[in-house]
There are 2 protein chains.
Amino acid sequence: MARRTPTIPEATVARLPIYRRALVELDESSAINVSSERLAEMSGVNAAKVRKDLSYLGSYGTRGVGYDVDYLLFQVSRALGLNNDWPVAIVGSGNLGQALANYRGFTQRGFPVAALIDVDDKKVGATVHGIEVHHVDRLEDLVAELGIAIGIIATPAGAAQAVADRLVEAGIQSVLNFAPVVISVPDGVPLRQVDLATELQILSFYQQRNAASDR
Amino acid sequence: MARRTPTIPEATVARLPIYRRALVELDESSAINVSSERLAEMSGVNAAKVRKDLSYLGSYGTRGVGYDVDYLLFQVSRALGLNNDWPVAIVGSGNLGQALANYRGFTQRGFPVAALIDVDDKKVGATVHGIEVHHVDRLEDLVAELGIAIGIIATPAGAAQAVADRLVEAGIQSVLNFAPVVISVPDGVPLRQVDLATELQILSFYQQRNAASDR
DNA sequence: AGGAGGTTGTGTACAAGTTCACAAAGGTGG
DNA sequence: CCACCTTTGTGAACTTGTACACAACCTCCT
Ligand SMILES: NC(=O)c1ccc[n+]([C@@H]2O[C@H](COP(=O)([O-])OP(=O)(O)OC[C@H]3O[C@@H](n4cnc5c(N)ncnc54)[C@H](O)[C@@H]3O)[C@@H](O)[C@H]2O)c1
Ligand SMILES: NC(=O)c1ccc[n+]([C@@H]2O[C@H](COP(=O)([O-])OP(=O)(O)OC[C@H]3O[C@@H](n4cnc5c(N)ncnc54)[C@H](O)[C@@H]3O)[C@@H](O)[C@H]2O)c1
């Protein structure tokens, strides 16, 4: 395995999509070059960090000039594996699942929603934003047939681990979990958890501390 | 200002809600005590980390025994500022805003959705899950009248910064942003960004790397 | 009362991430 | 072709976060 990228730090990986977004915006406004300083400003970080992060991908800037927007966008996209689309399946067609299915942003960014999956017979067969809702019994088939790469879990917390297990068993490549519960998957299956209530609690901590120190 | 908490590291703060969730679950299953090891397992971290994290809050365990579930839950909740409710307003009553408004989990965890706010006259006046949609013109009034603590931004990216500015100006205490754009708020106003497309891109990076090293 | 068994709290070493600061290098204009 | 300006790329210092390992301490049993 020829390792082109010796290893990119996790913290850097988490910022690449932010840089990418800034680059898309610059590209749309027909900018040719961008300095690390400008990119930093647009991304809400400091310029040295931008340069160090980008240097893990390779040496794509020009001293005295900056980075070529087009070229850097290409390189960042490539590093993120966005050359081809990654079809996603959303498991759980409730409030959240349907809102996600309705969202144009995913397909736009290379993550087409290929299937909605639910256990509730009343929901199966419906279509949301042109996407059919399938029964969870067919999960394994769907993953195989549609070449699903990413499973998004939007079921109640109680079902999340079982769904994750089935997705992994079916050969999914990575998992994004919205249920407010810690789930575990085998080593080597990338997993991200997004928990909105957790985010609010973190905010609560800091605002409470602000209030205390104002007193 | 009597500083009871000399300073809790950010990484620790981010984990407290996870511990809290595990403690709620233990409490519901009538557990009396819990060891750092068990708590670690439920939270998906290692036991030393749990102990160190909890030690920032104070010394609430008993050697040889573990932590009293009830008492620790109380202490963690207090540290997070969850003694009282924090009313939230959701700005942008689209797909996502409505899904959030429909979600019971927020009120349950002490973040009642007190208002929905939109700019679109066709949406103003409707009620979602018992919550009225108000016009954005009334944003400042609503924040004051309803004692809104947290503003959730679920508008298109283009409107996010302006909405954030108005929320801050109106005296909001913290901001949770779902729009895929970096927004800035004054120092001292806690801000969290949740970007689902970013999460998918991070997954894409790692699964692509897995694929490359398998080859 | 004293010892055995078990778990916390924390000092310390280590790893990861951030920031600084500057040499190296490209561009430009004379 | 050279001096000057600008901005990158990166070693090194520093800060933050994680893991280890064990003394301190509690409970229970004999
Ligand atoms: N709605 C939100 O804004 C929101 C916010 C934060 C977190 N969440 C979390 O996201 C998850 C979904 O929330 P929601 O509001 O959409 O809930 P919901 O009850 O509206 O939807 C859940 C859906 O999952 C389906 N389901 C249940 N078990 C299943 C299984 N084993 N396989 C497939 N489908 C199954 C149900 O039939 C239902 O359609 C929950 O875990 C919730 O805590 C939701
Ligand atoms: N829907 C999703 O699943 C999803 C997923 C990820 C991110 N997002 C992001 O969340 C945001 C909302 O997404 P959505 O799908 O709900 O979009 P949407 O278009 O359905 O809803 C946006 C709402 O905001 C309102 N709005 C526009 N400008 C406003 C303003 N200045 N003040 C108040 N309200 C205003 C619009 O009238 C509309 O009702 C977007 O930024 C989107 O990128 C959504």
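Heavy atoms only: backbone and side chains are in, while hydrogens, waters and symmetry mates are out. Proteins come first, then strands; the chains are lettered A, B, ... in the order of their sequence lines, and each starts at number 1.
A salt bridge (charged side-chain N to carboxylate O under 4.0 Å, His left out) check over residues 175-204 of chain A, counting only residues at least two apart or in different chains, returns the pairs A/Arg192-B/Glu199, A/Asp195-B/Arg21, A/Glu199-B/Arg192. Applying the side-chain hydrogen bond (donor to acceptor under 3.5 Å, both in side chains) test to residues at least two apart or on different chains, the pairs with a partner in residues 28-41 of chain A are A/Ser36-A/Arg51. Each side-chain hydrogen bond (donor to acceptor under 3.5 Å, both in side chains) pair with one or both residues in residues 57-68 of chain A, not counting sequence neighbours, appears once here: A/Tyr60-A/Gln75. Residue pairs meeting the side-chain hydrogen bond (donor to acceptor under 3.5 Å, both in side chains) criterion with at least one member in residues 105-118 of chain A, sequence neighbours excluded, do not occur. Each side-chain hydrogen bond (donor to acceptor under 3.5 Å, both in side chains) pair with one or both residues in residues 140-166 of chain B, not counting sequence neighbours, appears once here: B/Arg138-B/Glu145, B/Glu140-B/Arg166, B/Gln161-B/Asp165.
Distance A/Tyr60 OH to D/dG9 C1': 14 Å, rounded to the nearest Å. Going from atom CG of A/Leu54 over to atom P of D/dT8 covers 9 Å, rounded to whole Å. Spacing between atom CG of A/Leu72 and atom C1' of D/dT7 amounts to 14 Å, rounded to whole angstrom units. Taking atom CZ on B/Arg51 and atom C1' on D/dG17, their separation rounds to 17 Å, with Å as the unit. Atom P of nucleotide D/dT8 and atom OH of A/Tyr71 are separated by 16 Å, given to the nearest angstrom. Between B/Gln75 atom CD and C/dG9 atom P the separation is 12 Å, expressed in whole Å. The distance between atom CG of A/Asn46 and atom P of C/dC20, rounded to the nearest whole Å, is 6 Å.
Under the 30°/60° scheme for interplanar angles, the aromatic rings of B/Tyr103 and B/Phe106 are found to stand perpendicular.
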List the steps and the verdict of side chain to side chain contact (heavy atoms under 4.5 Å, CB included) for B/Ile32 and B/Asp70.
-> CA-CA 7 Å; B/Ile32 305 294; B/Asp70 252 5; over 6 Å; no
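Between B/Tyr67 and the phosphate of C/dG9, there is a side-chain N or O to OP1/OP2 separation shorter than 4.0 Å.
If one axis is set at each end of the helix from C/dA1-D/dT30 to C/dG30-D/dC1 from five pairs, those axes are 0° apart, to 10°.
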Atom pairs under 3.5 Å, N or O on each side, protein against nucleotides 26-28 of chain D: can you list them with distances?
{"unit_1": "D/dC26", "atom_1": "O4'", "unit_2": "B/Arg63", "atom_2": "O", "d": "3.1"}

Would you tabulate the pairs of protein nitrogen or oxygen atoms and nucleotide nitrogen or oxygen atoms of nucleotides 12-17 of chain C closer than 3.5 angstrom?
{"unit_1": "C/dT12", "atom_1": "O4", "unit_2": "B/Lys52", "atom_2": "NZ", "d": "3.2"}

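You'll find the side chain of B/Trp86 stays beyond 4.5 Å of the side chain of A/Leu203, heavy atoms only.
For B/Pro9, the side-chain contact (heavy atoms from CB on, under 4.5 Å) partners are B/Thr12, B/Tyr56, not counting sequence neighbours. In this structure, the salt bridge (Lys or Arg N to Asp or Glu O under 4.0 Å) partners of A/Asp53, at least two apart in sequence or on a different chain, are A/Arg15.
In terms of modelled atom types and a separation under 3.5 Å, the side chain of A/Asn102 and the main chain of A/Gln98 share a donor-acceptor contact. The backbone N or O of A/Gly81 sits less than 3.5 Å from a side-chain atom of B/Ser204, completing a donor-acceptor pair.
No option in B/Leu116, B/Val113, B/Leu100 other than B/Leu100 meets the side-chain contact (heavy atoms from CB on, under 4.5 Å) test with B/Ile152.
Of the candidates C/dC20, D/dT8, C/dG9, the closest approach to any side-chain atom of B/Ser55 belongs to C/dG9.
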If you look only at distance, which donor and acceptor atoms sit under 3.5 Å apart when one is on a side chain in residues 168-184 of chain B and the other is two or more places apart or in another chain?
{"unit_1": "B/Ser174", "atom_1": "OG", "unit_2": "A/Gln207", "atom_2": "OE1", "d": "2.5"}
{"unit_1": "B/Asn177", "atom_1": "OD1", "unit_2": "B/Ala179", "atom_2": "N", "d": "2.9"}
{"unit_1": "B/Asn177", "atom_1": "ND2", "unit_2": "B/Ala179", "atom_2": "O", "d": "3.2"}
{"unit_1": "B/Asn177", "atom_1": "ND2", "unit_2": "B/Val181", "atom_2": "O", "d": "3.2"}
{"unit_1": "B/Asn177", "atom_1": "ND2", "unit_2": "B/Gln193", "atom_2": "OE1", "d": "2.8"}

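For DNA chain D, no neighbouring residue in residues 19-43 of chain B is found when judged by any heavy atom under 4.0 Å.
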